[in-house]
Structures are given as C-alpha cells and as structure tokens.
Chemist: 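Before I ask anything, here is the structure I am working with.
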Number of protein chains: 2
Amino acid sequence: MADVITPSRERIAPIFPKERYDDLMSLLFFAYRDFISDPDAILARYEFGRAHHRVLHFVTCHPGMRVADLLDMLKITKQSLGRVLKQLITGGYIEQQPGETDRRERLLFATSEGEALAARLREPQSRRIERALARLEPDARDTIADFLLNMVNEAEQGDVARRVFEERTSA
Amino acid sequence: MADVITPSRERIAPIFPKERYDDLMSLLFFAYRDFISDPDAILARYEFGRAHHRVLHFVTCHPGMRVADLLDMLKITKQSLGRVLKQLITGGYIEQQPGETDRRERLLFATSEGEALAARLREPQSRRIERALARLEPDARDTIADFLLNMVNEAEQGDVARRVFEERTSA
DNA sequence: AAAATATGTCAACATGGCTGACGTAATTAC
DNA sequence: GTAATTACGTCAGCCATGTTGACATATTTT
C-alpha cells in the first residue's frame with residue numbers, strides 16, 4: 001500500500017467551513033455582550049463583579065456541588081476561583097459543608113441571602129431571554145438549546161447536558 | 001459589601017419572567033466559553049489576545065469603518081481600544097486612512113496580513129458553528145440569528161441588524 | 001474666531017485571568 | 001500502617017484588558 005495518495009484528512013484543520021458565518025459570530029458577540037452586562041448594576045451595589053455572579057449562578061443551580069466541579073465548569077484555576085469564593089463566603093452568600101462520604105470535599109451551598117441575590121441577578125437576564133423568545137416560534141427554545149449545546153466542545157457535551165438539564169443537582 | 005439589604009422596591013422593569021431560563025443561561029455561558037477560546041492558540045503565536053481578535057473581526061467585516069463605530073460596537077473606551085489598535089497597526093495588520101469627506105476620521109482597513117490572520121482565526125470558529133448547525137433543521141440558522149438579534153439591547157437592534165446583515169460595509 | 005467633533009495619548013487603577021510554590025486534611029493503595 | 005494520592009486552600013507576583021480623568025491636535029461646523 002505504498003504511494004497511495006490517500007485523501008488525507010488533514011491533521012490540523014480537517015474540515016473547511018463551506019460557508020461564512022460572520023453574521024452569527026457578530027450576533028453572538030453582541031447578544032452575549034448585552035446579556036452579560038445586565039446584572040452589572042446590581043452587582044456593583046454589593047461590590048461584586050461578573051466572576052461572583054458566575055459562581056453564584058452555578059452554586060444555586062447545583063446546591064452541594066464540589067469545588068472541583070465548579071472549577072471544571074468555569075474553566076479557571078482554583079486560585080482565581082478562591083479569590084471570589086472567599087468574598088462570597090465572608091459576605092454570607094455561600095456556605096461550605098464537608099462531604100458526608102468524603103470529608104475532604106467542601107460542598108458549596110448558597111445561603112438564603114445568596115439565593116435572594118442570585119434571583120435578583122437572574123431577573124433582568126430572564127426578562128431579556130423571555131423577550132427574545134417571545135417573537136419566535138414556540139419550538140425555537142429547543143432549537144436554541146440544541147444549538148448552544150452543540151457549540152460546546154464535543155468531549156464535554158455529555159457533562160454539560162447532564163449538568164444543565166438536571167439543573168439543581170450537585171453534579 | 002455596601003448596601004446589602006436593598007429593598008426590592010426599586011424595580012425598574014416591572015415585568016417578572018414567568019419561566020426559569022437557567023438552562024439557556026448556563027448553555028449560553030458554556031457555548032460562548034468554548035467558542036471564544038477557539039482562536040486562543042493562534043493568537044498566542046502572534047502575542048495577541050482576544051481583544052485584538054475582536055478588533056480584527058470587525059475591521060475585516062467592515063473595511064473602512066470609523067474608530068467611533070468600532071468603539072460603539074465593542075462598547076469599550078477609546079483608551080482600551082487604543083492599546084490593542086496600536087499593536088495591530090505597528091504589527092502591520094491594520095492600516096488607517098484619513099476619511100475623504102471628513103479628514104479627521106482615520107478609517108480602519110485590514111492589510112493583507114490582517115485579512116489572512118482574520119481568516120485563520122475564523123476557521124475554528126466557523127467549523128464549530130457548522131458542526132453545531134449540522135444536526136439541526138435547515139431553518140435553525142435563521143431562528144438562531146433571530147434569537148441572538150432579539151437578545152441585543154432593544155435600542156440597538158436596528159444598528160446591529162444593519163451592521164451584521166450588511167456585512168463588509170464601513171458602517 | 002469660537003465651539004464642537006474625531007481621534008490619540010499619558011497616567012493611574014480595578015477586575016479577573018494566569019503560574020509556581022507550598023500546606024493540610026482525608027482517602028486510597030501497597 | 002505507612003506512603004501516595006486527592007481535594008482544597010493560600011501566598012505572591014504577573015498579565016490582559018477593562019476603567020476614569022486630563023489633556024493635545026487636527027478638522028469641521030457654527
């Protein structure tokens with residue numbers, strides 16, 4: 001089998017995109033830009049930033065989650081997380097409990113203040129999503145969820161799906 | 001921690017979302033997280049970051065655009081833009097030309113190197129979008145574009161639509 | 001001529017990433 | 001039962017990229 005010119009699936013960039021997606025790229029930027037800035041005004045009153053919001057969001061969605069899982073979702077280092085987590089804990093928005101089976105774990109829970117703040121932060125973002133969906137067909141929501149899940153790194157789509165669609169679980 | 005106990009009376013937008021959108025919020029985070037990190041490895045070889053990428057993206061999409069329009073799209077200060085723009089110009093990826101009618105303007109153009117780099121940066125992101133759309137109905141693309149546009153601040157949806165759908169124009 | 005506009009720049013600071021090194025408690029492996 | 005591994009935390013410093021405020025220059029508009 002020497003000298004056969006295999007249609008070598010290139011190593012670096014196997015599949016070239018046929019189409020241009022500049023529109024979707026730009027729209028994703030604009031949509032995310034505005035969506036993510038919604039809670040800024042509320043956060044500022046607590047002297048928190050977007051990093052605090054992300055932590056609060058995931059901890060309230062997954063009460064009792066492990067620190068390692070949070071790190072895996074946020075894809076940041078434990079040092080970066082530690083900084084904001086410490087502020088959320090000393091501020092009384094998040095608590096830690098040792099794991100029952102493995103007491104090395106320090107499972108994360110939002111306090112009632114944490115839940116309340118998270119709810120307030122979700123409000124403007126929920127309204128934005130609701131408004132965006134309102135003008136679309138009723139099945140648009142599923143289409144968009146599918147699209148966003150497909151946009152995640154393939155190796156992690158399983159984890160993400162499990163975490164997102166079994167929201168409010170510790171995994 | 002200033003002002004922790006804020007009476008929830010100061011409600012600016014009085015419409016409460018009926019549903020929970022935690023799934024879409026999380027998915028948008030995960031999707032954007034992975035989408036935006038695609039070009040990091042390429043950027044690093046040029047000692048550029050994501051801010052450079054954003055500038056290059058919009059300048060290649062809108063050749064001859066004004067600095068003020070770029071600032072309006074990115075929603076950052078001219079000082080922040082100035083830093084990365086200077087590096088892109090001294091690196092030979094972007095050029096400026098005085099405007100014909102208004103010579104105060106310094107219109108932005110990508111050089112051929114800039115176009116080439118922008119194309120390389122688009123590659124992994126285009127592949128990701130193509131893969132994400134591949135498993136959806138053919139009309140999903142329009143649904144997603146509509147959704148993302150609707151997610152933009154209402155006051156700017158017109159500008160964004162004009163800019164995105166008349167891609168490759170200086171406005 | 002004066003005011004407004006488009007752009008650039010300096011300096012200082014904030015947020016939130018990063019790496020590297022090190023420490024402690026609890027669990028697992030040999 | 002000791003050793004290795006794991007889960008988590010922390011100190012210190014650096015980097016990318018956002019911010020404000022003040023000021024400069026050229027050009028256009030009034």
Side-chain angles (χ1 to χ4, degrees), chain A residues 29 32-33 36-37 39-41 43-44 46-59 64-90 94-109 170-171, chain B residues 2 29 32-33 36-37 39-41 43-57 59 64-91 94-109 170-171:
Chain A
F29 168 78
Y32 196 78
R33 177 198 70 179
I36 215 60
S37 69
D40 282 350
L43 288 165
Y46 296 78
E47 293 181 309
F48 286 154
R50 295 176 181 183
H52 303 85
H53 181 200
R54 284 192 284 275
V55 170
L56 212 42
H57 169 80
F58 283 118
V59 171
M65 74 187 305
R66 300 186 319 137
V67 171
D69 288 326
L70 185 50
L71 288 173
D72 185 53
M73 296 190 208
L74 296 173
K75 290 273 195 292
I76 61 176
T77 60
K78 61 179 175 177
Q79 294 92 329
S80 294
L81 174 59
R83 212 160 22 196
V84 294
L85 191 51
K86 189 190 292 186
Q87 294 172 302
L88 286 165
I89 290 170
T90 60
I94 284 185
E95 282 176 346
Q96 289 184 304
Q97 285 182 23
E100 293 193 358
T101 62
D102 186 337
R103 296 198 323 261
R104 290 173 301 182
E105 298 173 341
R106 318 209 358 205
L107 306 182
L108 301 168
F109 296 88
S170 53
Chain B
F29 168 77
Y32 195 78
R33 178 197 70 178
I36 215 60
S37 68
D40 283 350
L43 288 165
R45 294 183 214 137
Y46 295 78
E47 293 180 308
F48 286 154
R50 294 176 182 183
H52 302 85
H53 182 199
R54 286 192 283 274
V55 170
L56 212 42
H57 170 80
V59 170
M65 75 186 305
R66 300 186 318 138
V67 171
D69 288 325
L70 186 50
L71 287 173
D72 186 53
M73 296 190 209
L74 295 174
K75 290 276 195 289
I76 59 175
T77 60
K78 62 180 174 177
Q79 294 92 328
S80 294
L81 174 60
R83 207 158 25 194
V84 294
L85 191 52
K86 189 191 289 184
Q87 294 172 302
L88 285 165
I89 290 169
T90 59
I94 285 185
E95 282 176 346
Q96 289 183 303
Q97 285 182 25
E100 293 193 358
T101 63
D102 186 339
R103 294 197 328 259
R104 290 173 302 183
E105 298 172 339
R106 320 218 344 212
L107 307 181
L108 301 167
F109 297 87
S170 52

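Proteins get letters first, then strands, A, B, ... in listed order; numbering begins at 1 in each.
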Chemist: Are B/Val55 and B/Leu74 packed together at the side-chain level, in the sense that at least one heavy-atom pair is separated by less than 4.5 angstrom?
Modeler: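 A side-chain contact exists here, since the closest heavy-atom pair is under 4.5 Å.
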Chemist: Of the listed nucleotides (D/dT17, D/dA7, C/dA6), which one gets closest to any side-chain atom of B/Arg66?
Modeler: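 The nucleotide sitting nearest to the side chain is C/dA6.
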Chemist: OP1 or OP2 of C/dG8 versus the side-chain N and O atoms of B/Gln96: is any pair under 4.0 Å?
Modeler: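 Yes, within the criterion.
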Chemist: Is A/Arg104 side chain donor-acceptor paired with the D/dT6 base, going by distance under 3.5 Å alone?
Modeler: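 Indeed, a donor on one side and an acceptor on the other fall under 3.5 Å apart.
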Chemist: How many Å lie between NE2 on A/His52 and P on C/dA14, as a whole number?
Modeler: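 Checked: the NE2 to P distance equals 15 Å.
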Chemist: Please figure out whether A/Ile76 or B/Val67 has its closest DNA chain C nucleotide nearer the 5' end.
Modeler: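 Residue closer to the 5' terminus by nearest nucleotide: B/Val67.
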Chemist: Using whole Å, what does the distance between atom P of nucleotide D/dT10 and atom CG of A/Leu71 come to?
Modeler: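 Distance, rounded to whole Å: 13 Å.
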Chemist: What is the distance, rounded to the nearest whole Å, between atom NZ of A/Lys78 and atom P of C/dG20?
Modeler: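 A/Lys78 atom NZ is separated from C/dG20 atom P by 13 Å.
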Chemist: Per the atom types in the model, does the base of C/dG16 pair as donor or acceptor with the side chain of A/Gln79 at under 3.5 Å?
Modeler: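 No.
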Chemist: Using 30° and 60° as the class boundaries, would you call the ring planes of A/Phe58 and B/Phe29 parallel, tilted or perpendicular?
Modeler: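 Ring orientation of A/Phe58 relative to B/Phe29: perpendicular.
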Chemist: Once you round to the nearest 0.5 Å, how far does CZ of A/Arg33 lie from CE of B/Met73?
Modeler: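 Reported to 0.5 Å precision, the distance equals 9.5 Å.
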Chemist: Does A/Arg54 get its side chain close enough to the base of C/dG16, under 3.5 Å, for a donor-acceptor pair?
Modeler: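 Such a pair does not exist between side chain and base.
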Chemist: Identify which one of A/Gln87, A/Glu47, A/Arg83, A/His57 satisfies the side-chain hydrogen bond (donor to acceptor under 3.5 Å, both in side chains) criterion when paired with A/His52.
Modeler: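 Single pass found, and it is A/Gln87.
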Chemist: Assign B/Gly49 to base, sugar-phosphate, or nothing according to its heavy-atom contacts below 4.0 angstrom with the strands shown.
Modeler: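 Sugar-phosphate contact only - B/Gly49 comes under 4.0 Å of backbone atoms but never of a base.
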Chemist: If you assign each of B/Thr101 and B/Gln87 to its closest nucleotide in DNA chain D, which residue comes earlier from the 5' end?
Modeler: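 Result: B/Gln87.
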Chemist: Please determine whether any donor N or O and acceptor N or O are separated by less than 3.5 Å between the side chain of B/Arg103 and the base of D/dT27.
Modeler: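 Answer no: no donor N or O sits under 3.5 Å from an acceptor.
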Chemist: What is the separation between atom NZ on A/Lys75 and atom C1' on C/dG16, rounded to the nearest whole Å?
Modeler: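 Taking atom C1' of C/dG16 as the reference, NZ of A/Lys75 is at 18 Å.
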Chemist: Just the rounded figure in Å: distance from P of C/dG17 to CZ of B/Arg33.
Modeler: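 To the nearest whole Å, that distance equals 13 Å.
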Chemist: To the nearest Å, how far apart are B/His53 NE2 and D/dT17 C1'?
Modeler: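 These atoms are roughly 16 Å apart.
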Chemist: When the distance from CG of B/Leu88 to P of D/dA16 is rounded to whole Å, what number comes out?
Modeler: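 Between P of D/dA16 and CG of B/Leu88: 14 Å.
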Chemist: Side chain of B/Thr77, heavy atoms from C-beta onward: which of C/dC18, D/dT19, D/dA7 has the nearest atom to it?
Modeler: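 Looking only at side-chain atoms, B/Thr77 lies closest to D/dT19.
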Chemist: If I compare all heavy atoms of A/Arg66 with all of A/Glu105, which pair ends up nearest, and what's the gap?
Modeler: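 Closest approach of A/Arg66 to A/Glu105: CD-OE2, 3.0 Å.
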Chemist: Rounding to a whole Å, what distance do you find between B/Lys86:NZ and C/dT7:P?
Modeler: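 Those two atoms, NZ and P, are 17 Å apart.
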Chemist: Is the shortest side-chain N/O distance from A/Ser80 to OP1 or OP2 of C/dG16 below 4.0 Å?
Modeler: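 Negative; the distance criterion is not met.
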Chemist: Contact between B/Lys75 and B/Asp72 at the side-chain level, heavy atoms closer than 4.5 Å - yes or no?
Modeler: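 Yes - at least one pair of side-chain heavy atoms lies under 4.5 Å apart.
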Chemist: Which residue lies toward the 5' end of DNA chain C, A/Asp102 or B/Leu81, if each is placed at its nearest nucleotide?
Modeler: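 Nearest-nucleotide comparison on DNA chain C picks B/Leu81.
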Chemist: Checking only heavy atoms, does the side chain of B/Arg83 share a donor-acceptor pair with the base of C/dG8 at less than 3.5 Å?
Modeler: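 When only heavy-atom distances are counted, B/Arg83 does not reach the base of C/dG8 through any donor-acceptor pair under 3.5 Å.
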